[in-house]
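A quick write-up on the structure given underneath.
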Amino acid sequence: MKTNYLKKYIISSYILVWTLIIFVAGTASLVFHAPPVIMWIVRNLIAWSPTYLLLIGWKHFRPDETRTAFVKRCFSGKIKLLPLLLSFFLTFGISVLSLFLFSVMTGKPMFSYIDLGTTALPLSIVLSLTSGPTGEELGWRGFMREEFNRKYGFLKSSVCQGLVWCFWHTLLWAVDSDFTDWRAIPYIISNIVVITSITVLMNIFLERHNNLLYSVLLHFGFNILYVFLDADIGFFVILTVLYLLATPIAVIVRNRMWKGEALSKSLRQSVL
């Protein structure tokens, strides 16, 4: 029977991250009472677990290819400045727009929901970038995307990837969230919708450019605001609605572009 390498990777990634959260982050917080910056570094190390798992256990997940060949392919696409900037500002812009609409609804200034905290701004940005954006992408949008794409078409593959990535965060919803009352329900729904939508958007970029730098910046564009955000559940409800609007539009544009390119290619071949 053929080995299901994708299933092995997904199950292993869940076991690894939950183990690290409970025993490493839990010990650092509850036993050693680590200060916020140290806990942030610990969370970053845990966020890299999909990459640790993939590269250390490589022969168990992709025995027919070398690590070097895989990594080169993941970053093989040509970097184009405008799409690269768009990948960041797409998710960052949706978050900012959500915060703006939330501030209008509550009648408070946008910056009243921003808390810069005690960590220096440059360090906060660096720590945000070196968390999930650089730590997770090789596993999720590198290995997992390729494996799902072998099985399904674009949209089904993207949704499956998004759901795996989403529920990988399940334990964090319980231990690293301020919403432990009724607000936990819309918060979880928001996570499911938004993370799945972001996966679809990432895959649109990767389908055309095949370079993980695009998904890294798109991921970073989403994460960076939450480093400083101090908003109630209404913000996440608005964010969910905006992604439910933006993602189908992006898919429609993607489909039309592919059809247009296929028609153009067919016409060129008929002329030749």
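Computation of the quantities below employed the complete heavy-atom set of this structure, encompassing side-chain atoms and omitting hydrogens, waters and symmetry-equivalent molecules. In what follows, residues are counted from 1 in the order of the sequence shown.
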Donor-acceptor pairs are to be reported for all side-chain atoms of residues 223-235 against protein atoms at under 3.5 Å, with residues two or more places apart or in another chain.
| residue | atom | partner | partner atom | Å |
| --- | --- | --- | --- | --- |
| Y226 | OH | S95 | OG | 3.3 |
| D232 | OD1 | R183 | NH1 | 2.9 |

Show me, pair by pair, the donor-acceptor contacts under 3.5 angstrom made by side chains of residues 121-130, not counting sequence neighbours?
| residue | atom | partner | partner atom | Å |
| --- | --- | --- | --- | --- |
| S124 | OG | A120 | O | 3.1 |
| T130 | OG1 | N44 | ND2 | 3.3 |
| T130 | OG1 | V126 | O | 2.8 |
| T130 | OG1 | L127 | O | 3.4 |

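In the hydrophobic clustering of this structure, I238 groups with F100; members are Ile, Leu, Val, Met, Phe, Trp, Tyr whose side-chain heavy atoms approach within less than 4.5 Å, directly or through other members. When the side chains of ILVMFWY residues are joined at heavy-atom separations under 4.5 Å, either directly or via intervening members, L244 and F222 end up in two distinct hydrophobic clusters. Hydrophobic clustering of Ile, Leu, Val, Met, Phe, Trp and Tyr side chains at less than 4.5 Å, counting indirect connections, keeps M39 apart from L45. Put simply, F75 and L55 are part of the same group of oily side chains (I, L, V, M, F, W, Y) that touch within less than 4.5 Å, one to the next. Under the 4.5 Å side-chain heavy-atom criterion for ILVMFWY residues, a single connected hydrophobic cluster contains both V17 and W40.
The line from CD1 of I46 to CG of L172 is 8.0 Å long, rounded to the nearest 0.5 Å. Here the CD atom belonging to E146 is positioned 10.0 Å from the CD atom belonging to Q161, to the nearest 0.5 angstrom. Atoms CH2 and CD, from W48 and E137 in turn, are 10.5 Å apart once rounded to the nearest 0.5 Å. Taken to the nearest 0.5 Å, the OG1 atom of T27 stands 12.5 Å off from the CD1 atom of I21. The distance from atom OH of Y152 to atom OG of S157, rounded to the nearest 0.5 Å, is 9.0 Å. In this structure, CZ on F148 lies 4.5 Å from CG on L6, to the nearest 0.5 angstrom.
A donor-acceptor contact shorter than 3.5 Å is absent between the side chain of W173 and the backbone of S177. Looking only at distances, a side-chain donor or acceptor of T91 sits under 3.5 Å from a matching main-chain atom of L218. For T196 (side chain) and V193 (main-chain N/O), no donor-acceptor pair under 3.5 Å exists by modelled atom type. Counting only distance, with no hydrogens or angles, the side chain of T170 and the backbone of F167 share a donor-acceptor pair below 3.5 Å.
The neighbour count for M105 CE, taken as heavy atoms of other residues, nucleotides or ligands under 6.0 Å away, does not exceed 12. Annotation: L163, atom CG; neighbour count of heavy atoms from other residues, nucleotides and ligands within 6.0 Å is above 12.
Side chains of S98 and L101 form no contact here, defined as non-hydrogen atoms less than 4.5 Å apart. Looking at L116 and I114, their side chains come closer than 4.5 Å, going by heavy atoms from C-beta outward. Taking the side chain as every heavy atom from C-beta outward, L54 and R67 never approach each other to under 4.5 Å.
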Worksheet item: Are W18 and H169 close enough, and set up right, to give a ring-ring contact (aromatic ring centres under 6.0 Å, His included), and what steps lead you there?
Response: CA-CA 9 Å; W18 291 351; H169 294 83; over 10 Å; no

Practice prompt. Starting from the C-alpha separation in whole Å, work towards a yes-or-no answer on side chain to side chain contact (heavy atoms under 4.5 Å, CB included) for F205 and N211.
Written response: CA-CA 9 Å; F205 279 91; N211 192 310; over 6 Å; no

Please step through side chain to side chain contact (heavy atoms under 4.5 Å, CB included) for the pair R145 and M202, ending with a clear verdict. CA-CA 10 Å; R145 173 175 170 268; M202 285 177 168; over 6 Å; no

Q) Would L138 and C74 count as a side chain to side chain contact (heavy atoms under 4.5 Å, CB included) if you check the C-alpha gap in whole Å, the side-chain angles of each, and the deciding distance to 0.1 Å? A) CA-CA 8 Å; L138 197 64; C74 288; 4.1 Å; yes

Review point. Can you check ring-ring contact (aromatic ring centres under 6.0 Å, His included) on F61 and Y9, steps first, answer last?
Key: CA-CA 6 Å; F61 308 120; Y9 178 72; 5.3 Å; yes

Working for side chain to side chain contact (heavy atoms under 4.5 Å, CB included), residues R208 and M257: CA-CA 11 Å; R208 297 191 66 83; M257 289 180 67; 3.6 Å; yes

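In terms of heavy atoms, H219 sits closest to W165 at CE1-CZ2, 3.4 Å. Listed here is the closest heavy atom pair of V42 and A25: CG1-CA, 4.0 Å. Of all the heavy atoms in V164 and Y14, the pair that sits closest is O-OH, 2.6 Å. Pairing each heavy atom of L212 with each of G142, the nearest pair is CD2-N, 4.1 Å. The heavy-atom pair separating P109 from S103 by the smallest distance is C-CB, 4.1 Å. Smallest separation of non-hydrogen atoms from S112 and K108: OG-CB, 3.7 Å.
The aromatic rings of W168 and W140 lie perpendicular to each other, with more than 60° between the two planes, well past the 30° mark.
Ion pairing between a basic and an acidic side chain is recognised when a charged N comes within 4.0 Å of a carboxylate O; R141 and E136 show no such pairing.
A cation-pi arrangement is found for R254 relative to F154, the charged atom lying closer than 6.0 Å to the ring centre and inside a 45° cone about the ring normal.
Looking at residues two or more places apart in sequence or on another chain, you find a ring pair (Phe, Tyr, Trp, His ring centres under 6.0 Å) between F236 and F179, Y187.
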